[in-house]
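None of the values given here were measured: they were computed from a predicted structure. Chain letters run A, B, ... following the sequence lines, proteins first and then strands; every chain starts at 1.
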Protein chains: 2
Amino acid sequence: MDPKAQARLQQMVEKLKAQRFRITPQRLAVLEILVESDSHPSVETVYAQVRKRFPTTSLATVYKTVTLLKEMNEVLELGFHNTANRYDALKPYPHPHVICTQCGKILDPPLEGAHGLAQEMSRKTGFLISSHRLDFYGICPDCQRRG
Amino acid sequence: MDPKAQARLQQMVEKLKAQRFRITPQRLAVLEILVESDSHPSVETVYAQVRKRFPTTSLATVYKTVTLLKEMNEVLELGFHNTANRYDALKPYPHPHVICTQCGKILDPPLEGAHGLAQEMSRKTGFLISSHRLDFYGICPDCQRRG
DNA sequence: GTAATTGCAAATGGTTTGCAGCATC
DNA sequence: GATGCTGCAAACCATTTGCAATTAC
């Protein structure tokens with residue numbers, strides 16, 4: 001495992017332990033898979049990976065761990081109403097995404113123009129803003145080539 | 001009905017007729033309610049309003065009309081994975097929103113900083129971007145006051 | 001030993017679908 | 001009169017929940 005993922009994993013494990021949550025083999029596997037993937041996997045995808053190591057793991061268990069991490073702000077949930085939610089444990093805070101509507105690929109390149117937007121919105125409306133969603137939908141270069 | 005809503009309604013009716021869709025009383029009621037509300041109503045909300053005029057209307061009919069309008073790009077769908085979708089027939093193109101996580105209020109004030117974001121994202125990633133979602137979540141002034 | 005977690009199966013909830021009867025054009 | 005629409009009920013599907021058995025600490 002690369003050092004960055006390793007460090008992030010350790011960070012999450014410690015936070016769980018600190019709050020007296022238990023580190024079961026299934027749960028640890030979910031964490032490992034999350035920190036090793038930069039593809040913003042769905043629960044179903046994580047589940048498939050976990051089962052390679054622990055074939056008896058249930059989908060509900062993966063959902064429960066992911067939900068727990070979300071509540072601890074250790075994973076960012078990208079919810080979609082017409083398809084499965086996707087998760088990001090590497091950058092568990094709001095940031096811009098580009099999403100390919102054909103293959104489902106999700107990338108999160110830095111967007112200069114995105115800074116200060118929440119502040120501008122807050123100033124204009126008086127809302128106390130706690131999070132946001134900056135998603136751009138389109139066709140990725142790969143899918144453009146494929147036609 | 002205010003002139004702006006009236007004009008928008010006419011526009012949508014003409015577009016439907018042009019494509020040989022029928023203007024039934026239920027469908028017209030859905031259109032009227034949509035152009036009269038700037039609150040980004042849910043299907044359920046539209047349904048409740050429609051039933052005041054046509055008590056036998058079914059929820060499925062409202063869903064079907066809204067889906068039709070969405071496919072014709074005459075309504076903007078704001079999909080949410082953990083609550084009902086909301087619809088905007090007045091500005092049926094992507095634009096920024098602030099959403100109160102307490103009362104569900106949705107506003108769409110102009111955001112200067114939002115211009116050119118899609119272009120920047122496209123330039124940086126090579127994606128062919130067709131739509132986007134700029135949502136800010138927080139507590140509205142009313143709910144802040146209520147505590 | 002105790003309290004949390006697992007895994008199963010059933011429930012949830014917003015949305016979609018199939019289809020017979022009806023209404024618009 | 002033909003075609004599209006309505007309304008009902010059933011299906012969908014990602015996610016959540018209840019609970020008895022198991023396991024981490």
Side-chain angles (χ1 to χ4, degrees), chain A residues 12-33 40-48 50-72 75-87 104 106, chain B residues 12-34 40-72 75-87 104 106:
Chain A
M12 298 175 82
V13 169
E14 292 311 327
K15 189 156 178 180
L16 284 169
K17 283 184 178 171
Q19 303 196 29
R20 301 286 175 265
F21 290 111
R22 294 176 182 174
I23 310 301
T24 64
Q26 297 92 327
R27 185 168 279 175
L28 183 58
V30 170
L31 297 187
E32 287 171 353
I33 287 155
H40 306 77
S42 65
V43 164
E44 197 68 48
T45 302
V46 172
Y47 173 63
V50 173
R51 285 192 72 113
K52 289 182 187 168
R53 310 185 196 174
F54 299 93
T56 67
T57 308
S58 75
L59 191 53
T61 293
V62 180
Y63 269 107
K64 283 167 185 167
T65 291
V66 161
T67 300
L68 176 62
L69 293 173
K70 177 179 49 169
E71 286 165 355
M72 298 171 71
V75 86
L76 177 71
E77 180 181 64
L78 293 178
F80 298 97
H81 72 290
N82 49 5
T83 185
N85 295 346
R86 307 278 290 266
Y87 296 87
I106 299 183
Chain B
M12 298 175 80
V13 169
E14 292 311 327
K15 189 157 177 179
L16 283 169
K17 284 184 177 171
Q19 302 197 29
R20 303 287 175 262
F21 290 111
R22 294 176 183 174
I23 310 300
T24 65
Q26 296 93 327
R27 185 168 279 175
L28 183 58
V30 170
L31 297 187
E32 287 171 354
I33 288 156
L34 283 174
H40 307 76
S42 64
V43 164
E44 198 68 48
T45 301
V46 173
Y47 173 62
Q49 300 281 121
V50 173
R51 285 191 71 113
K52 289 181 187 169
R53 310 186 197 174
F54 299 95
T56 67
T57 307
S58 75
L59 191 53
T61 293
V62 180
Y63 269 108
K64 283 167 186 166
T65 291
V66 161
T67 301
L68 176 61
L69 293 172
K70 178 179 49 168
E71 286 165 355
M72 297 172 70
V75 86
L76 177 71
E77 179 181 65
L78 293 178
F80 298 98
H81 71 289
N82 49 4
T83 184
N85 296 346
R86 307 279 289 265
Y87 297 87
I106 300 182

Could you tell me whether [X] contacts a base, only the sugar-phosphate backbone, or nothing, with contacts defined as non-hydrogen atoms closer than 4.0 Å?
X       : answer
A:Thr67 : sugar-phosphate
B:Ala84 : sugar-phosphate
A:Asn82 : nothing
A:Arg27 : sugar-phosphate
A:Gln26 : sugar-phosphate

Distances under 3.5 Å between nitrogen or oxygen atoms of protein and nucleotides 19-25 of chain D:
{"residue": "D:dA24", "atom": "N3", "partner": "A:Arg22", "partner atom": "NH1", "Å": "3.1"}
{"residue": "D:dC25", "atom": "OP1", "partner": "A:Ile23", "partner atom": "N", "Å": "3.1"}

Among all residues two or more places apart in sequence or in another chain, which pass the side-chain hydrogen bond (donor to acceptor under 3.5 Å, both in side chains) test with [X]?
X       : value
B:Lys17 : none
A:Ser58 : A:Thr61
A:Glu14 : A:Gln10

Spacing of [X] atom [atom1] relative to [N] atom [atom2], expressed in whole Å:
X       : N      : atom1 : atom2 : answer
A:Tyr63 : D:dC13 : OH    : P     : 13 Å
A:Asn85 : D:dC13 : CG    : C1'   : 12 Å
B:Leu59 : D:dA10 : CG    : P     : 16 Å
B:Phe54 : D:dC5  : CZ    : C1'   : 14 Å

Do [X] and [Y] come within less than 4.5 Å of each other through their side chains, counting heavy atoms only?
X        : Y       : result
B:Glu77  : B:Thr67 : no
A:Ile106 : A:Leu78 : yes
B:Val46  : B:Val30 : yes
B:Leu34  : B:Leu69 : yes

Practice item. Tell me, please, the opening and closing nucleotides of DNA chain C, 5' to 3', among those with an atom under 4.0 angstrom from a non-hydrogen atom of chain B. Key: C:dG14 to C:dC25
Do any side-chain atoms of residues 48-56 of chain B form donor-acceptor pairs under 3.5 angstrom with protein atoms, and if so which ones, sequence neighbours left out?
{"residue": "B:Gln49", "atom": "OE1", "partner": "B:Lys52", "partner atom": "NZ", "Å": "3.4"}
{"residue": "B:Arg51", "atom": "NE", "partner": "B:Pro55", "partner atom": "O", "Å": "3.3"}
{"residue": "B:Arg51", "atom": "NH1", "partner": "B:Tyr47", "partner atom": "OH", "Å": "2.6"}
{"residue": "B:Arg51", "atom": "NH1", "partner": "B:Thr57", "partner atom": "O", "Å": "2.7"}
{"residue": "B:Arg51", "atom": "NH2", "partner": "B:Pro55", "partner atom": "O", "Å": "2.6"}
{"residue": "B:Arg53", "atom": "NH1", "partner": "B:Glu32", "partner atom": "OE1", "Å": "2.5"}

Exercise for review: Run the numbers on B:Leu16 and B:Leu68 for side-chain contact (heavy atoms from CB on, under 4.5 Å), then give the verdict.
Suggested key: CA-CA 9 Å; B:Leu16 283 169; B:Leu68 176 61; 3.8 Å; yes
